[in-house]
Colleague: 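Dropping the structure in here first, questions after.
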Amino acid sequence: MHRWSELFIPTLREAPADAEVASHKFLVRAGYIRQLAAGIYSFLFLGNRSFNKIVAIVRQEMDKIGQEFFLPVLHPREIWEASGRWSLMGENLFRLKDRKGADMCLGMTEEEVMTEIARKELRSYKQLPQIWYQIATKFRDEPRPKAGLLRVRQFMMKDAYSFDIDAAALDVSYKKHYDTYCRIFDRCGLKYMVVEADSGAMGGKESHEFMVRTPAGEDQIVSCDGCNYAANLEKATSKLEGVEDLRPEGDGKPLEVHTPGQKTIEDVARFLGVSPKNKIKTLALMGEEKDGKTGKTKLRAIVVLTRGDHQLNEAKLNGMVAQATRPMDEGEIKALFKSPAGYLGPIGIEWAKDLKKDALPVLLVDKALEGRSNLIAGANKEDYHLKNLTPGKDFHPTAYADLRAVTAGEGCRNCGNALRIDTAVEIGHIFKLGDRYTEKMGARVLDKNGKEVTPIMGSYGIGIERILTAAVEQGNDENGFWLPPSIAPFEIVVSPTNVKDESLLSVAQDIGQRLGAAGFDVILDDRDERPGVKFKDADLVGIPFRITVGKKVTEGTVEVVLRSTREVHDVTIASIVEYFQGALRAKA
RNA sequence: CGGGGCGUAGCGCAGCCUGGUAGCGCACCUGCCUUGGGCGCAGGGGGUCGUAGGUUCAAAUCCUAUCGCCCCGACCA
């Protein structure tokens, strides 16, 4: 049994001025963490205790499906060069040189190291499937660390990798992780949801993220209360209500209209008396691609058309063109459209026929415009717009694609219910990697027929700090927070109201010892402080249950307080162990 | 990387504009008092004013540079 009076639990009355989100404020105030530098934190006694409990749960569950390794975090350049990520990862990769001047880096994820082992050791289909995992520190030089432990530069991650002989086998490994992740997050007491995710530039096929709703999060998730549809905004789609097209004017050919000074979609729509839904939004972008060898940046004009009231989803676009994009500058706009911004449109420019042809500018049209007619766009001429524009007839896109961002209230693609959008924090991510790493790094095994094949991989991550952060975010009030018992630094705090009263102290000690002997994690607040101080601290530090040992001892009872709801139960001293055997294991 | 803000005691802040003794609350130490929601009284310790340079008789304060931290952005032409 731990005694508070002997421990280092530096609680603060006030939050540090630079903390904004609840979890950051409370974890600092409760003495869990202290900041060392931007995005780098020290874990003190309580924080580390909670941290270790989370790790233990993750390890226990992962051991049921995989094998734990421990890999180096200091990597030679060569393996990152082999996977092609030495240049791809850019500034996010912490780089350094050893004494001989050789390039090294700090691991931000471990596909390379795992694949290197697979390459050297795996020879036969008989050795598959394999699931290897580790729980280790990762380094990422984030452009902007923020919100306490939410986005940091050094963190602990459980990362797992599966190697399978074919896609069907990968499905099995993937499902194992999906189920295991659910068990882990259930045991951690989190209210999470699983969403379809963008597999990103990694080139995976299927991907799910495990998300906890909180305004502190960085991701937007689209979900349906009517069915189980849920997806990251970067990936989400919806059912659109039909829009009535305008009737053709004049001879039905593109018709120039004078729109002096009308630049924005709203202005033009109002000026012409039409809905923005009948307008085309023209987005002028530049695709940038860095040549790995020469270091030169290749530019390519990419123009995206969306419905006037729609927003471009950059993640979808980036996935489609497989390169970074930025808005065109004034000169670039002028060069391509021969017109100032505000009057841009697709007419009068020769567009590429397919994405691979580098020479010509690319015209990507959002699917919501496919089949529409008599739309209005800029005329590529100052103060003029064009009516009667029909995609496929008046201009020919390089490709149609789903590029728009879903907005709240649109219909679910499965059941039609109104979709909601919430902010959430990502606590886990699983995805089917395919053969990207095994292929590039030369991992091969022989199949049943003696033929050489490339094993395919899955990659699976859990952010340990984020489990703690999410738990604090989902359970706090103005006085502090409460963690689920499974991941709290202690399950129960025993608070005698006055330690100078021998009878109170001895009852408290007795209760603490009996609960400890029964397997509960107990801390005795034996500090010589006023009751108010102890109660405030107990409320602050995340312990889900408190036992107040006070006046009622003379009647043979103590009070059990459930931190989350502040429910109070009088329990006899004699039956306290039995009480917790029922109560604590049953509810959070 | 762009924009904004902030660096003064462990935490939260004032002082800076208008240069001249570095201050307040909490925390901390000692004593007394008190003991069911951060109690009270008395005494006390603790600061290179982020760093470097400059102006000045004199710099926390004015000027320059630099470092650090926080927030917003890096999408809607």
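Reminder, nothing fancy here: chain letters follow the sequence lines and each chain counts from 1. Note that the structure is a prediction, hence the values are computed from the model and not measured. Side chains included, hydrogens not; waters and symmetry mates left out as well; all remaining heavy atoms used.
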Colleague: Quick test: give all pairs of protein nitrogen or oxygen and nucleotides 28-35 of chain B nitrogen or oxygen below 3.5 Å, distance rounded to 0.1 Å.
Modeller:
unit_1: B/U34; atom_1: O2'; unit_2: A/Arg530; atom_2: NH1; d: 3.2
unit_1: B/U34; atom_1: O2; unit_2: A/Arg530; atom_2: NH1; d: 2.9
unit_1: B/U35; atom_1: O2'; unit_2: A/Asn498; atom_2: ND2; d: 3.4
unit_1: B/U35; atom_1: O4; unit_2: A/Lys500; atom_2: NZ; d: 3.1

Colleague: Report yes or no: do A/Arg372 and A/Asn278 form a side-chain donor-acceptor pair below 3.5 Å?
Modeller: yes

Colleague: In residues 33-46 of chain A, which ones come under 4.0 Å of RNA chain B, going by heavy atoms?
Modeller: A/Gln35, A/Ala37, A/Ala38

Colleague: Choose from B/C72, B/G36, B/G38 the nucleotide whose nearest atom is closest to any side-chain atom of A/Arg144.
Modeller: B/C72

Colleague: Would you call the rings of A/Phe26 and A/Phe481 parallel, tilted or perpendicular if under 30° counts as parallel and over 60° as perpendicular?
Modeller: tilted

Colleague: Just call it for A/Ala15: base, sugar-phosphate, or nothing, with non-hydrogen atoms closer than 4.0 Å on any strand.
Modeller: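 Sugar-phosphate contact only.
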
Colleague: Taking the C1' atom in each of B/G45 and B/C26, what is the distance between them to the nearest angstrom?
Modeller: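 B/G45 and B/C26 have their C1' atoms separated by 16 Å.
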
Colleague: Looking across every strand, which nucleic acid part, if any, lies under 4.0 Å from A/Thr306 by heavy atom: base, sugar-phosphate, or nothing?
Modeller: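 Nothing: the residue A/Thr306, judged by heavy atoms under 4.0 Å, touches no strand.
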
Colleague: Determine the contact category for A/Pro145: base if any of its heavy atoms lies under 4.0 Å from a base atom, sugar-phosphate if only primed atoms, P, OP1 or OP2 are that close, otherwise nothing.
Modeller: sugar-phosphate

Colleague: How many Å lie between CZ on A/Arg151 and P on B/C70, as a whole number?
Modeller: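 Rounded to the whole Å, the gap is 14 Å.
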
Colleague: For a quick check under 3.5 Å, do A/Gln220 and A/Thr423 share a side-chain donor-acceptor pair by atom type?
Modeller: yes

Colleague: Using the side-chain heavy atoms of A/Lys551, tell me which of these nucleotides is nearest: B/G37, B/G36, B/C71.
Modeller: B/G36

Colleague: Any base atoms under 4.0 Å from A/Asp501, or only sugar-phosphate, or nothing? Heavy atoms, all strands.
Modeller: nothing

Colleague: Suppose we call a contact any N or O donor and acceptor under 3.5 Å apart; does that hold for the side chain of A/Arg29 and the base of B/G38?
Modeller: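 Looking at the base of B/G38, it does pair with a donor or acceptor on the side chain of A/Arg29 (distance under 3.5 Å).
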
Colleague: Round to the nearest Å and state the distance from A/Leu540 atom CG to B/C11 atom C1'.
Modeller: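 Interatomic distance, CG of A/Leu540 to C1' of B/C11: 14 Å.
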
Colleague: Applying the Watson-Crick and G-U wobble criteria at under 3.5 Å, what pairs with B/C1? Answer none if nothing qualifies.
Modeller: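 Pair assignment: B/C1 / B/G73.
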
Colleague: Nearest whole Å is fine: how far is B/A77 C1' from A/Leu283 CG?
Modeller: 8 Å

Colleague: Taking only the side-chain heavy atoms of A/Thr11 (C-beta and beyond), determine which of B/G37, B/G38, B/G36 contains the nearest atom.
Modeller: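 That would be B/G38.
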
Colleague: Do A/Arg213 and A/Ser223 have side-chain N/O donor and acceptor atoms under 3.5 Å apart?
Modeller: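 Yes, A/Ser223 and A/Arg213 have a side-chain donor paired with an acceptor closer than 3.5 Å.
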
Colleague: To the side chain of A/Phe535, which of B/C72, B/G37, B/G38 is closest?
Modeller: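 Side chain of A/Phe535 sits closest to B/G37.
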
Colleague: Please work out whether the ring planes of A/Phe580 and A/Phe545 are parallel, tilted or perpendicular, with thresholds of 30° and 60°.
Modeller: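 The rings of A/Phe580 and A/Phe545 stand perpendicular, inter-plane angle above 60°.
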
Colleague: For B/G68, which nucleotide in any strand shown is its Watson-Crick or wobble partner with both distances under 3.5 Å?
Modeller: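 Matched B/G68 with B/C6 under the 3.5 Å cut-off.
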
Colleague: To the nearest angstrom, how far is A/Lys552 atom NZ from B/G36 atom C1'?
Modeller: 10 Å

Colleague: Let me spell it out: for each of A/Lys281 and A/Glu20, pick the nucleotide of RNA chain B with the closest heavy atom. Which residue's pick is nearer the 5' end?
Modeller: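 That would be A/Glu20.
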
Colleague: With the side chain counted from C-beta on, respond yes when A/Val560 and A/Val568 share a heavy-atom pair under 4.5 Å apart, and no when they do not.
Modeller: no

Colleague: Considering heavy-atom distances to RNA chain B, does A/Leu312 or A/His24 have its closest nucleotide positioned more toward the 5' end?
Modeller: A/His24

Colleague: For the residue pair A/Tyr41 and A/His24, categorise the inter-ring angle as parallel (less than 30°), tilted (30 to 60°) or perpendicular (more than 60°).
Modeller: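 Because their plane-to-plane angle is over 60°, the rings of A/Tyr41 and A/His24 count as perpendicular.
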
Colleague: Just call it for A/Ala538: base, sugar-phosphate, or nothing, with non-hydrogen atoms closer than 4.0 Å on any strand.
Modeller: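 Touches nothing.
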
Colleague: Can you tell me how far P of B/A74 sits from CD of A/Glu218, to the nearest Å?
Modeller: 13 Å

Colleague: Check the distance between B/G36's P and A/Leu504's CG and give it to me in whole angstrom.
Modeller: 10 Å

Colleague: If only atom types and distance count, is the side chain of A/Asp477 paired as donor or acceptor with the main-chain N or O of A/Gly480 below 3.5 Å?
Modeller: yes

Colleague: Across all strands shown, which nucleotide pairs with B/U56 by Watson-Crick or G-U wobble geometry, both distances under 3.5 Å?
Modeller: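 Partner of B/U56: none.
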
Colleague: I'd like to know if the side chain of A/Lys387 and the backbone of A/Leu375 have a donor-acceptor N/O pair within less than 3.5 Å.
Modeller: no

Colleague: Among B/G25, B/G37, B/A74, which nucleotide has an atom closest to any side-chain atom of A/Glu14?
Modeller: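 So the nucleotide nearest the side chain must be B/G25.
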
Colleague: Who does B/U18 pair with, Watson-Crick or G-U, both distances under 3.5 Å?
Modeller: none

Colleague: Restricting to pairs with a member in residues 5-22 of chain A, which pass side-chain hydrogen bond (donor to acceptor under 3.5 Å, both in side chains), not counting sequence neighbours?
Modeller: A/Ser5-A/Asp526, A/Thr11-A/Asp537

Colleague: Do A/Glu473 and A/Arg466 have side chains that approach each other closer than 4.5 Å (heavy atoms only, starting at C-beta)?
Modeller: no

Colleague: Mind calculating the distance between CD (A/Glu142) and C1' (B/A74) to the nearest angstrom?
Modeller: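 Going from A/Glu142 (CD) to B/A74 (C1'), I get 15 Å.
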
Colleague: Between A/Lys536 (NZ) and B/G37 (C1'), how many Å, whole number?
Modeller: 6 Å

